[in-house]
Amino acid sequence: MSKVRLLVGTRKGAFILTADARRDNWHVKGPLFGGWEIYHMKGSPADTNRLYAAQSHGWFGQVVQRSDDGGDTWETMNNEFAYEGEVGTHMFYDGTPHPWAFKRVWHFEPSRTDPDFLYAGVEDAALFSSRDGGKSWQELPGLRAVKGSLWQPGAGGMCLHTIVVDQSDPDRLYVAISAAGAFRSVDAGQTWKPINCGLVSPYELPDPSAEVGHCVHSIAMHPAKPNVLYMQKHWDVMKTENSGDTWSEISGNLPSDFGFPIVVHSHQPDTVYVVPIKSDGEHYPPEGKLRVYRSHTGGNDWEALTRGLPQEHCYVNVLRDAMSVDTMDPCGVYFGTTGGQVYASADDGDSWTAVCRDLPAVLSVEAQVIP
Amino acid sequence: MITVVLPAQLRSLAGITDDVGLDVAGTVTPGAIVDALEAKYPPLKGTLRDPATGRRRSFVRFFACGADISHEGLDVPIPEAVVLGAQPFYIVGAMAGG
């Protein structure tokens, strides 16, 4: 019988949650790497026991951990992420030039076919890859060549936090950067094009429709519709049906179109989930009600999913990498909060159960199905 | 033999529970101690010095014989009492936060 494994990264360590296919009884293991921030953990689709963890600390920098046995044991990998060539400058918060400097890994994206190949999205924003399971890292510098001098940090830093690989053509990549926007490569990351036409940021940019500079929070794709991408922007939920050439707003009847994560149902390419947050200044749910919103129509028409979620006095946030779906049927949907709760739904989001209530602030949640 | 005291986060990263005994060849400096520490415990590589610059991380401090020697440079010899093992070499996470 298949199992589901949740890889949960928090401000003070990592946790691994496992359950059988019913997903109603969870075993919690952790903390791993106690006291360290775990921005992201992700398993290789090619080998579900190969896990990568981005472990960092404000005092001691970045550590890369790898497990080859599903998280029972770990080994440190190379933590040197050296930018290619002259580092140049990006814009700082105050608009002045600021030299690029590596700070941490935000996101790992392992290959679907090769457990030793993975991408790493880092702060200050850049894309790296490893072909040897994390023993060495090489930057793909073509990305920073796309008007990198105009990129600027979002509130969390200038981070490359989202990496989407088109499963039908693995040379086709999408990344998102706060605050630079979304970018597309059709040659495995060698060259890039900004894909921000249709994004409007009147409160963040002097030119609201600038080619780069938008604060994109997350992007999601369903493999059956690789030309369709969904985006949670700083404000606005957006959709493209032409691989990012143009975007249109699909916020529709959401109570707020600010938020961080966005995910797509595993088996229904037009079913999308977001977690509305009141505003960029108030990082908690509108009305103190924690509601996941689901659209079965690819946006615009959203329904609130509330069963099992707190509907009063709830003031947590759900960060961009802290929501995930599994590939079971019905689809499991999972998210973690800055209040340390991990919620799980085994019925497409119709109802929710708190798997954990008191973890450190959750930074990331990734679901794996283990054969 | 030099005794090095590490902060808790680095002890757990290195998989140790106690102070570290190090043999350091040549002139004993903070940089040489960090070199020896990284050679003995590879998971610590890059945690004390920024790999891009080679500089001590700004929230890492070096204490010896009751003094903060963090700003004396990585290549300056450390006090004889530490070299002889009479005093430990402290690697400390800067006091910050609550």
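The chains referred to below are lettered A, B, ... by the order of the sequence lines, with proteins before strands, and numbering in each begins at 1.
The most heavy-atom pairs under 4.5 Å with chain B, out of V64(A), N79(A), N78(A), come from N79(A). With respect to chain A, the highest number of heavy-atom pairs below 4.5 Å among P42(B), P43(B), P7(B) belongs to P43(B).
Using a 4.5 Å cut-off between heavy atoms, L44(B) does not touch chain A at all. Q65(A) touches chain B through its side chain: at least one heavy atom from C-beta onward sits under 4.5 Å away, while N, CA, C and O do not. Heavy-atom distances place no part of A52(B) under 4.5 Å from chain A, backbone and side chain included.
The existence of a salt bridge linking E123(A) and R104(A) is confirmed by a sub-4.0 Å separation between a basic side-chain nitrogen and an acidic carboxylate oxygen. A salt bridge does not link E84(A) with R144(A): every distance from a Lys NZ or Arg NE/NH1/NH2 to an Asp or Glu carboxylate oxygen is 4.0 Å or more.
The CZ atom of R11(B) lies 7.5 Å from the CD1 atom of I16(B); values are rounded to the nearest 0.5 Å. F89(B) CZ to F62(B) CZ: the interatomic distance, rounded to the nearest 0.5 Å, is 5.0 Å.
Only one option out of N49(A), T18(A), T48(A) pairs with R5(A) in a side chain to side chain donor-acceptor pair (under 3.5 Å); it is N49(A).
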